[in-house]
Amino acid sequence: MRQNRRLRWAALPIAATLTIVLAGCTQAQLNGFLPGFVEGEAPTTNQTERISGLWVTSWIVLLVVGVVTWGLTIWAVVVYRRRRGQTGLPVQLRYNMPIEVFYTVVPLILVLGFFAFTVRDQNEIEARFENPDVTIEVIAKQWAWDFNYVDENVYSPGIQGQVEEGSNGSLVESEVPTLVLPVNQKIEIELESRDVIHSFWVVDFLYKKDMYPGKTNYMSIEPMREGTYAGKCAELCGEYHSLMLFNVEVVSQAEYDAYIDSLRAAGQTGQLSSEYDRNQNLPGTGAPEVVEHEEEN
C-alpha cells in the first residue's frame with residue numbers, strides 16, 4: 001500500500017512536467033518538425049495533420065518501446081554481471097510463463113494497433129471525393145510534367161528543370177512547371193505516366209503517389225493554405241530524374257480563374273494526350289518483328 005502511494009506521488013510531477021512541456025511546444029514541434037505547418041496558420045491540406053499524427057504517434061510509441069527495451073537490457077547487464085571471484089554460469093531461468101506471455105502479447109498488441117490506425121488513416125486519405133470542385137490530370141514524362149485542367153478544358157505543358165548558364169547548379173525558376181490550385185476547393189488529381197514509373201510528390205503535402213504507364217491513380221486533396229510548394233518525382237526514372245521538378249501554387253479562386261483565362265489567351269485550349277508510350281517499341285507489345293539475316297560467306 002505504501003509503495004503504491006509512493007508510485008502515485010512520483011507519477012504526479014512527471015505528468016505535470018509532461019503537460020507543461022507539451023503545452024509549450026510550437027505547432028512545428030507538435031508535428032514532428034515535418035514540413036507543411038506554419039505557426040498560427042492552417043496546414044497545407046485537409047490530410048496533412050492526419051498524416052503527421054500517424055507519423056509522430058508511431059515514433060512516440062516506438063521511442064517508448066525502445067527506452068523500455070534498452071533500459072531492461074542495460075539493467076540486466078549491470079545487475080547480473082559477473083562479479084570478481086564468481087565462476088561458472090549463473091542460475092538459468094526456464095519456462096517463465098508470465099515473461100513469455102508478456103513478450104508475446106505486447107508485440108502483438110503493438111503490431112495490431114499500428115495496423116489498425118494505419119488502415120483507418122489510409123482509408124480516409126485515399127477516399128475520393130464524390131463531387132470534386134476541380135479535376136486536374138497530371139501527366140508525367142521523362143523528365144517533366146504536363147497539367148490538364150479538365151473542367152476548364154485548358155492545359156499547361158512543362159519541360160524539365162533548366163540550369164542557368166554559368167551558375168552553380170541554380171535552376172531557372174520561370175521554366176519550372178507550375179500546377180495552380182484554388183484554395184479551399186475539393187480537388188481530384190488524375191495521375192498518368194507516358195513512359196516509365198514516376199511518383200508525384202508535393203513535399204509540404206506529406207503525400208506522394210506513384211504513376212504507372214497504362215494505369216490511372218487518383219489523389220484527392222483540399223488545399224487549405226495559399227502559397228508555393230515544391231514538388232518533385234520521387235521515383236528514380238532515368239538520367240535526368242533530379243531535374244524532374246515542379247511547383248504547386250495554391251491561390252485564391254479569383255487568381256485561379258485569372259490563370260485559367262491566361263492559358264486560354266495563350267491558345268492552350270483542349271487537353272494534352274497521355275497516349276504516347278515509349279514502351280510501344282519493346283518486344284511483346286505489338287511492335288513490328290525485326291528479322292535478322294545471317295551474312296553469307
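A donor atom on one side chain and an acceptor atom on the other are not found under 3.5 Å apart for S52 and E49. Counting only N and O atoms by type, the side chains of E235 and Y212 include no donor and acceptor under 3.5 Å apart. Inspection of the T216 and E192 side chains reveals an N or O donor paired with an N or O acceptor under 3.5 Å. Counted by atom type alone, T178 and N247 present zero donor-acceptor pairs between their side chains at under 3.5 Å. Side-chain contact check for Q253 and D257: at least one donor-acceptor pair (N or O, by modelled atom type) lies under 3.5 Å.
Between the side chain of N148 and the backbone N or O of L272, at least one donor-acceptor pair lies under 3.5 Å. A donor-acceptor pair under 3.5 Å is absent between the side-chain atoms of E175 and the main chain of V172, judged by distance alone. Judged by distance alone, with hydrogens and angles left aside, the side-chain atoms of E188 form no donor-acceptor pair with the main-chain N or O of T135 at under 3.5 Å. No side-chain donor-acceptor contact under 3.5 Å links R120 to the backbone of F115. A donor-acceptor pair is defined here as one N or O able to donate and one able to accept, closer than 3.5 Å; such a pair exists between the side chain of R81 and the backbone of V78. At distances below 3.5 Å, at least one donor-acceptor pair connects side-chain atoms of K209 with backbone N or O atoms of Y218.
Tested against M211 for a side-chain contact (heavy atoms from CB on, under 4.5 Å), the candidates I197, V138, V196 yield a single pass: V138. Exactly one of Q142, H198, K232 qualifies for a side-chain contact (heavy atoms from CB on, under 4.5 Å) with M244. That residue is H198.
In this structure, the separation between CZ on F117 and OG on S58 is 9.5 Å, given to the nearest 0.5 Å.
Within the structure, salt bridge (Lys or Arg N to Asp or Glu O under 4.0 Å) contacts touching residues 129-146 (residues at least two apart or in different chains) are K141-D146, D146-R194.
Taking the six-membered ring for Trp, W75 and Y80 have ring centres closer than 6.0 Å.
At a threshold of 4.5 Å between side-chain heavy atoms, the hydrophobic network of Ile, Leu, Val, Met, Phe, Trp and Tyr places V202 and V251 in one connected group.
In the displayed structure, R84 atom CZ is contacted under 6.0 Å by at most 12 heavy atoms of other residues, nucleotides or ligands.
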Item to complete: Just do the side-chain hydrogen bond (donor to acceptor under 3.5 Å, both in side chains) check on D204 and T44 with the steps written out, would you?
Response: CA-CA 7 Å; D204 286 83; T44 50; over 6 Å; no

